[in-house]
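The structure appears right after this line, and notes come after that.
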There are 2 protein chains.
Amino acid sequence: MTTTPSPPPASPPLPGAADDWLRLDRQICFSLNAASRAFNGVYRVVLKDLGLTYPQYLVMLVLWEHGALPVKKLGEHLRLDSGTLSPLLKRLEAAGLVRRERSARDERSVEVRPTDEGVALRQRAVEVPRRILAATGFEADEVRALSTHLRDLTAALDRAAAEGA
Amino acid sequence: MTTTPSPPPASPPLPGAADDWLRLDRQICFSLNAASRAFNGVYRVVLKDLGLTYPQYLVMLVLWEHGALPVKKLGEHLRLDSGTLSPLLKRLEAAGLVRRERSARDERSVEVRPTDEGVALRQRAVEVPRRILAATGFEADEVRALSTHLRDLTAALDRAAAEGA
DNA sequence: GGCCATTTGGTTGTGCACAATTAAGTTGTG
DNA sequence: CACAACTTAATTGTGCACAACCAAATGGCC
């Protein structure tokens, strides 16, 4: 972190450089992890009034933007699989914000549709982004730039994971 | 995604600006969320050989750097509370990587100490940072800069959450 | 001594992430 | 039609995050 750490020599008896690498690694993964959880915490506070959790809010954002969607499409938008979405959607249904119904055309598919109440909730959600942005203390442009960086990072990581390393 | 789905017509007279804000919000929180999970996925692959999960790896990094620590200190380093750490540490203890023992001086405190096996694991962890960095496709400096940005963001968010909004 | 606020971990309950498996429906091919 | 391959959700099991609550130990105070 002070000077450019030299590349780690495979695995010999732990030179000082290894410490630097591990320390750096701790910083990187930790800072991302911590930022994610910190965001989660602020959203938790802001969304409390709406009765939504952070992931539930993400789902509603997609539904507000695209209207009814099958679970599969929803998962593609959010990069979440059915193991995460199924119970989450059931809770949203129990809260009266969405309805889940099997498609008549393809009975494997389940359409998720916001109820009138779910659509109406959007009116109260409009102020959420402003409050979150205010909490970051960043300008909109800064956040947008950071967002772009993170998107690139995610794409690279997904690619690497797909290649098995 | 086949064609561009027309924006949900069932919505009340929201001004276009609100749509933009919600869409932007979706992008920001989504990109951070997705990056965090993508990182998690890559770490999952890389750490599989070591038998560690991502949060367990974070704990071991702190212990390798600082040696034995009480649970409280560990939680401060990682911003995690005992509700998260207790079961995690029990799993690490079951895996033989740490031992938990009540302090003699203050019996409220539990010291977490890496075992010989836990210390030895560090040798095999040395190559992890390089593999992760390679997966990002970023230069070390870029990642460092991003990390700094995220740390600022986290600090601002924590401050905002503490102030109740 | 007795009393009380504080500190420190632990426990419980709710919710999310994801891998692996299962079940049901659809499509293509003979 | 029969049947295999594929698609789509749901289910199950493990692990993490965090709020709320509880129990024990400490230390200061009278």
Side-chain angles (χ1 to χ4, degrees), chain A residues 29-30 32-45 47-48 51-59 69-76 78-95 100-112 154 157-158 161, chain B residues 29-30 32-45 47-48 51-59 69-76 78-95 100-112 154 157-158 161:
Chain A
C29 56
F30 170 73
L32 193 70
N33 216 18
S36 182
R37 282 185 288 116
F39 246 113
N40 208 321
V42 174
Y43 271 104
R44 193 193 317 278
V45 174
L47 293 175
K48 198 170 182 179
L52 292 176
T53 67
Y54 183 42
Q56 288 168 5
Y57 172 66
L58 292 179
V59 167
L69 286 175
V71 175
K72 184 72 187 310
K73 290 286 180 192
L74 204 50
E76 286 173 4
L78 298 168
R79 274 176 220 262
L80 292 172
D81 66 8
S82 65
T84 300
L85 286 175
S86 282
L88 189 158
L89 292 172
K90 283 182 183 174
R91 283 185 283 269
L92 283 180
E93 188 173 41
R100 299 179 309 137
E101 42 193 13
R102 296 249 163 220
S103 162
R105 290 206 299 62
D106 185 341
E107 296 221 348
R108 292 166 305 180
S109 181
V110 171
E111 285 264 318
V112 181
T154 303
L157 290 171
D158 280 351
Chain B
C29 55
F30 170 74
L32 193 70
N33 217 18
S36 182
R37 283 185 287 117
F39 245 112
N40 208 319
V42 173
Y43 271 105
R44 192 192 316 278
V45 173
L47 293 175
K48 198 170 181 181
L52 292 176
T53 67
Y54 183 42
Q56 288 169 3
Y57 173 66
L58 293 179
V59 168
L69 286 175
V71 175
K72 184 71 189 310
K73 290 286 181 192
L74 205 49
E76 286 173 3
L78 298 167
R79 273 176 222 264
L80 291 173
D81 66 8
S82 66
T84 300
L85 284 176
S86 282
L88 189 157
L89 292 171
K90 283 183 182 173
R91 282 185 284 270
L92 282 180
E93 188 173 42
R100 299 180 309 137
E101 44 193 12
R102 296 250 161 220
S103 161
R105 291 203 302 61
D106 186 341
E107 297 221 349
R108 292 168 303 181
S109 182
V110 170
E111 285 264 317
V112 181
T154 303
L157 290 171
D158 280 351

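We name chains A, B, ... by the order of the sequence lines, and we start the count at 1 in each one.
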In terms of side-chain heavy atoms of A:Glu107, which of C:dG25, D:dC18, C:dG15 is nearest?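 Within the option list, the nearest is C:dG25.
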Among all residues two or more places apart in sequence or in another chain, which pass the side chain to side chain contact (heavy atoms under 4.5 Å, CB included) test with [X]?
{"X": "B:Asn33", "result": "A:Ser36, A:Tyr54, A:Leu58, B:Arg37"}
{"X": "B:Val71", "result": "B:Leu85, B:Leu89, B:Val110, B:Val112"}
{"X": "B:Lys73", "result": "B:Leu69, B:Pro70, B:Glu76"}
{"X": "B:Ser86", "result": "B:Ser82"}

Euclidean distance, atom [atom1] of residue [X] to atom [atom2] of [N] [Å, nearest integer]:
{"X": "A:Asn40", "N": "C:dT14", "atom1": "CG", "atom2": "C1'", "answer": "13 Å"}
{"X": "B:Glu93", "N": "C:dG9", "atom1": "CD", "atom2": "P", "answer": "15 Å"}
{"X": "B:Glu76", "N": "C:dT8", "atom1": "CD", "atom2": "C1'", "answer": "11 Å"}
{"X": "A:Leu92", "N": "C:dG15", "atom1": "CG", "atom2": "P", "answer": "11 Å"}
{"X": "B:Phe30", "N": "C:dA17", "atom1": "CZ", "atom2": "C1'", "answer": "14 Å"}
{"X": "A:Tyr43", "N": "D:dA19", "atom1": "OH", "atom2": "C1'", "answer": "21 Å"}
{"X": "B:Leu157", "N": "D:dC18", "atom1": "CG", "atom2": "P", "answer": "13 Å"}
{"X": "A:Asp81", "N": "D:dG13", "atom1": "CG", "atom2": "P", "answer": "17 Å"}

Can you tell me which stems DNA chain D forms when a stem means 3 or more consecutive Watson-Crick or G-U pairs under 3.5 Å?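 Stem segments, range with range: C:1-30 with D:1-30.
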Drop me the distance from A:Gln56's CD to A:Leu88's CG, to the nearest 0.5 angstrom.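 The CG atom of A:Leu88 is 5.0 Å from CD of A:Gln56, to the nearest 0.5 Å.
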So how far is it from A:Arg79 CZ to A:Thr154 OG1, rounded to the nearest 0.5 Å?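 Reported value, rounded in 0.5 Å steps: 6.5 Å.
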Do any N or O atoms from the side chain of A:Arg102 and from the backbone of A:Glu111 form a donor-acceptor pair under 3.5 angstrom?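 Answer holds: no.
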Are the side chain of B:Asn40 and the backbone N or O of B:Tyr43 linked by a donor-acceptor pair below 3.5 Å?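 Pair absent, no side-chain N/O of B:Asn40 close to backbone of B:Tyr43.
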Sequence-aligned protein contact record of nucleotides 6-11 of chain D, with B where the base is within under 4.0 Å of a protein heavy atom and S where only the sugar-phosphate is: -BSSBB
pair A:Leu92-A:Leu52: side-chain heavy atoms closer than 4.5 Å: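 Counting from C-beta outward, A:Leu92 and A:Leu52 do come under 4.5 Å.
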